[in-house]
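Shown next, in structure tokens, is the structure this report addresses.
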Amino acid sequence: GIQVEQSPPDLILQEGANSTLRCNFSDSVNNLQWFHQNPWGQLINLFYIPSGTKQNGRLSATTVATERYSLLYISSSQTTDSGVYFCAVITGANNLFFGTGTRLTVIP
Amino acid sequence: ETGVTQSPTHLIKTRGQQVTLRCSSQSGHNTVSWYQQALGQGPQFIFQYYREEENGRGNFPPRFSGLQFPNYSSELNVNALELDDSALYLCASSAWGTPETQYFGPGTRLLVL
């Protein structure tokens, strides 16, 4: 079955620091999204990135489909970046299979 | 905000009871998916509705059922509630065939005592 693993599970940063989150996925999928879940539970789409690199402000993401991994970069982190970051793959049935998540805490 | 709304925001039930959760999809979206997120875990796919019919289901028992209405809004019904049903229930709307356009509602937090 589908396997999606994220690392690290927890990350604590000082405000202003940079970070890299990783998502490894099995070879049965090749479409990937990144989400941010804020402390109130709202899931926000960050990137749809089946391959290549995309940037949106301080966030960027890279997916190397041939090696089955994706990276999410957060630069100059802010306290509002705190929350849980999920990667999710799109299954053949057009639904999302979520990874284990990385909990990010940004300290002022 | 995504334009997807859910009600109620919080709910407390006891074991054995039944619950109905509601979701209104974003304008222009005709597909609704439901997810269960237990504490400390990622969301898990329950089922998806398109054209008022179930179109795909995750590993959930039949006591989890749903409906979609002509205006594309949806309900999730859970019968015979169990303690493990305590979770955040998320709905997401999208245009058919474009799961990458799924936008999530704020969720309903269900506590089963």
Side-chain angles (χ1 to χ4, degrees), chain A residues 1-10 21-26 29-52 54 56 61 63 65 70 72 83-105, chain B residues 1-6 8-11 21 23 26 29-51 54-60 66 86-111:
Chain A
I2 300 170
Q3 308 237 352
V4 182
E5 296 181 355
Q6 293 184 242
S7 60
D10 293 279
L21 283 57
R22 186 177 179 103
C23 173
N24 294 327
F25 51 92
S26 63
V29 299
N30 58 9
N31 289 318
L32 188 130
Q33 287 187 264
W34 283 96
F35 292 87
H36 175 224
Q37 188 168 42
N38 68 22
W40 297 271
Q42 179 71 61
L43 267 173
I44 302 294
N45 306 50
L46 297 176
F47 295 103
Y48 168 65
I49 185 162
S51 64
K54 289 186 179 179
N56 185 2
T63 296
S70 183
L72 178 69
V84 183
Y85 289 82
F86 290 101
C87 64
V89 296
I90 298 172
T91 72
N94 287 331
N95 58 69
L96 295 170
F97 186 92
F98 284 81
T100 50
T102 292
R103 180 173 298 278
L104 174 65
T105 303
Chain B
E1 293 190 4
T2 62
V4 180
T5 61
Q6 292 186 242
T9 56
H10 297 80
L11 204 51
L21 310 181
C23 171
Q26 180 163 305
H29 284 179
N30 55 15
T31 303
V32 174
S33 302
W34 286 91
Y35 294 82
Q36 180 196 65
Q37 186 177 18
L39 195 62
Q41 298 182 20
Q44 286 193 303
F45 174 69
I46 303 175
F47 45 54
Q48 181 182 85
Y49 275 83
Y50 171 65
R51 289 187 174 176
E54 187 179 293
N55 180 67
R57 187 178 186 94
N59 189 26
F60 282 82
S86 295
L88 177 67
Y89 288 84
L90 297 162
C91 80
S93 73
S94 62
W96 169 249
T98 59
E100 68 274 14
T101 64
Q102 286 192 55
Y103 289 96
F104 283 81
T108 293
R109 293 189 185 275
L110 172 65
L111 177 61

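Letters A, B, ... are given to chains in the order of the sequence lines, protein chains preceding strands, and every chain is numbered from 1. These numbers come from the heavy atoms of this one structure, side chains and all, not from hydrogens, waters or symmetry mates.
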*More than 12 foreign heavy atoms under 6.0 Å from CZ of B:R57: is that the case here?*
yes
*Counting heavy atoms not belonging to A:E5, are there more than 12 under 6.0 Å from its CD?*
no
*Side chain of A:Q42, backbone of B:F104: donor and acceptor closer than 3.5 Å?*
yes
_To the closest 0.5 Å, what do you measure between OG1 (B:T98) and CD1 (A:I90)?_
9.0 Å
_Using ring centroids (six-membered ring only for Trp), state whether B:F45 and A:F98 fall under 6.0 Å._
no
*Calculate, to the nearest 0.5 Å, the distance between atoms CG and CG belonging to B:N55 and A:N95 respectively.*
9.5 Å
*Spacing of B:L88 atom CG and A:L43 atom CG [to the nearest 0.5 Å]*: 8.0 Å
*Part of A:Q37 within contact of chain B (heavy atom distance under 4.5 Å)*: side chain
*Heavy atoms only, distances under 4.5 angstrom: which of B:Q41, B:Q44, B:E100 has the most pairs with chain A? Name it, please.*
B:E100
*asked:* If I measure from the heavy atoms of chain B, does A:F97 come under 4.5 Å with its side chain, its backbone, both, or neither?
replied: neither
*asked:* Is there a side-chain contact between A:F86 and B:P43 in this structure, where contact means two heavy atoms from C-beta onward sitting under 4.5 Å apart?
replied: yes
*Closest non-hydrogen atom pair, A:N45 against B:Y103*: OD1-CD2, 3.8 Å
